[in-house]
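Working notes, beginning with the structure itself.
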Amino acid sequence: MKRLLTFFSWVILLSLALGLVAGCGPTPVPPTPTKAAPTKAPEGTLLRKIQDRGKLILGVKYDVPLFGYLNPQTNQLEGFDVALGKEIAKKIFGDETKVEFKQAVSKDRIPFLQQDVVDLIISTMTITEAREKEIDFSEVYYLAGQSLLVPKGSPIKSIADLEGRTVASVKGSTSEKNIREKAPKANVILFDSYSECVTAMVGKRAEAVTTDDIILAGFASQNKDLTLVGGLFTYEPYGIGIKKGNKELVDLVNGVIRDLKASGRWKEIYTKEIGDKAGIPAPVPPIGDWREIMKSAPK
Ligand code: GLU
């Protein structure tokens, strides 16, 4: 009996030992990281400063549905511009969360870049010759066009009907400049933000709001009593604003925009941030230099 017990003890000990050996097999090789550590940009460049800081600081709108919108229900920023910013952070850090957003209304966009408040402006910003004298732009990432938003049933059907009427727009925007040229007899009142323009119109302090069609479409998607009229009377090619003298950052941003357009990801982002919310199917992404695009702009 004792012998039998000893035999069984040996069997148990042996199997335990074998189990242990199996458990302590060769140490598993750690998985190779999918992304190589990003290479550091040259010392003294803005891109290097961003890399060393560990996050990207972006100026976006907070009140423009579909582009830069702080959703009061989720307390999260959403929209095409916000998504584009995250793609750039992904490119720099391999992590789309390494980004801090700051609110940049239209008139603050260029000063924010010049005073180093933000690294990039992604804020429904049209590339223009005048602005190009002050800052650099990426390639075109979206093509909008100026239009009018009115309450449904309004007698205003086009810019020709604005004569003697009050139209709201935003300080420091191309919309303000364009409407003064295209409807010189309209009474233009200016606010800091587009949501203030819409509030003024709903409160009957203005009869129309004018800016880019896609901004107006965002407000119309939130308020079924409002509608766009008059079609497009300008082209507004959107670019990402970058402080002058930062070629490495311009190149990186352009690389991201090109990849998004070529890979189909641009369409995916459009569908999620704009298409599904406003019921607009994704167009073909704009290709080519903004000056070329402007050649076919409405006159
Ligand atoms: N895209 C125009 C601009 O850059 C109007 C929209 C805006 O003010 O953000 O001025």
Side-chain angles (χ1 to χ4, degrees), residues 58-70 77-85 101-114 118 120-149 159 167-183 186 188-201 206 208-220 228 230-242 257 273-274 278 283 286 290-291 293-294 297-298:
L58 300 177
V60 297
K61 294 260 164 52
Y62 275 26
D63 70 326
V64 169
L66 314 180
F67 275 85
Y69 183 66
L70 184 59
L77 277 166
E78 56 187 52
F80 195 90
D81 285 346
V82 170
L84 193 51
F101 291 102
K102 290 197 175 167
Q103 182 172 18
V105 295
S106 299
K107 68 174 170 50
D108 290 340
R109 294 175 293 196
I110 293 177
F112 273 15
L113 288 174
Q114 289 174 335
V118 297
L120 298 172
I121 283 287
I122 317 182
S123 181
T124 61
M125 190 169 194
T126 302
I127 309 171
T128 68
E129 222 159 275
R131 288 174 177 169
E132 267 189 336
K133 293 199 174 96
E134 299 187 84
I135 58 166
D136 284 337
F137 282 101
S138 69
E139 289 184 5
V140 180
Y141 69 86
Y142 187 81
L143 180 61
Q146 192 167 339
S147 192
L148 297 172
L149 184 73
I159 42 172
V167 55
S169 198
V170 156
K171 293 171 199 162
S173 66
T174 53
S175 321
E176 175 205 348
K177 196 172 162 287
N178 295 333
I179 201 66
R180 290 193 195 284
E181 280 168 26
K182 306 253 173 188
V188 180
I189 56 167
L190 297 175
F191 295 90
D192 283 346
S193 68
Y194 290 102
S195 54
E196 289 173 284
C197 295
V198 174
T199 305
M201 181 171 69
V209 175
T210 188
T211 186
D212 304 336
D213 58 339
I214 199 67
I215 297 179
L216 300 176
F219 288 108
L228 273 83
L232 302 186
F233 50 91
T234 69
Y235 267 3
E236 307 290 326
Y238 289 178
I240 296 178
I242 304 154
I257 295 174
E273 301 295 343
I274 300 176
W290 72 272
R291 285 187 177 77
I293 294 176
M294 288 306 275

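Just so you know, ligand 1 is whichever comes first in the structure, and atom 1 is the first atom listed for that ligand. This structure is a prediction, so every number in the text was calculated from the model and none was measured.
The shortest side-chain heavy-atom distance between Val105 and Tyr194 does not fall under the 4.5 Å cut-off. Taking the side chain as every heavy atom from C-beta outward, Asp81 and Met125 never approach each other to under 4.5 Å.
Take Glu132 and apply the side chain to side chain contact (heavy atoms under 4.5 Å, CB included) test, not counting sequence neighbours, and it matches Ile127, Phe137, Trp290, Arg291. In terms of the side chain to side chain contact (heavy atoms under 4.5 Å, CB included) criterion, residue partners of Ala200 (sequence neighbours excluded) are, by chain and number, Phe191, Arg205. For the ring pair (Phe, Tyr, Trp, His ring centres under 6.0 Å) test, no residue two or more places apart in sequence or in another chain qualifies with Tyr69.
By the 4.0 Å N-to-carboxylate-O rule, Glu181 lies close enough to Lys177 to be salt-bridged with it.
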Pairs under 3.5 Å, nitrogen or oxygen of ligand 1 with protein nitrogen or oxygen:
residue  : atom   : partner : partner atom : Å
ligand 1 : 1 (N)  : Thr124  : O            : 2.8
ligand 1 : 1 (N)  : Thr126  : OG1          : 2.7
ligand 1 : 1 (N)  : Asp212  : OD2          : 2.6
ligand 1 : 4 (O)  : Arg109  : NH1          : 3.3
ligand 1 : 4 (O)  : Arg109  : NH2          : 3.2
ligand 1 : 4 (O)  : Thr124  : O            : 3.3
ligand 1 : 4 (O)  : Thr126  : N            : 2.9
ligand 1 : 4 (O)  : Arg131  : NH1          : 2.9
ligand 1 : 8 (O)  : Ser106  : OG           : 2.6
ligand 1 : 8 (O)  : Tyr194  : OH           : 2.6
ligand 1 : 9 (O)  : Lys61   : NZ           : 2.5
ligand 1 : 9 (O)  : Ser106  : OG           : 3.3
ligand 1 : 9 (O)  : Arg109  : NH1          : 3.0
ligand 1 : 9 (O)  : Thr124  : O            : 3.3
ligand 1 : 9 (O)  : Thr124  : OG1          : 2.6
ligand 1 : 10 (O) : Arg109  : NH2          : 3.1
ligand 1 : 10 (O) : Arg131  : NH2          : 3.0
ligand 1 : 10 (O) : Thr174  : N            : 2.8
ligand 1 : 10 (O) : Thr174  : OG1          : 3.4

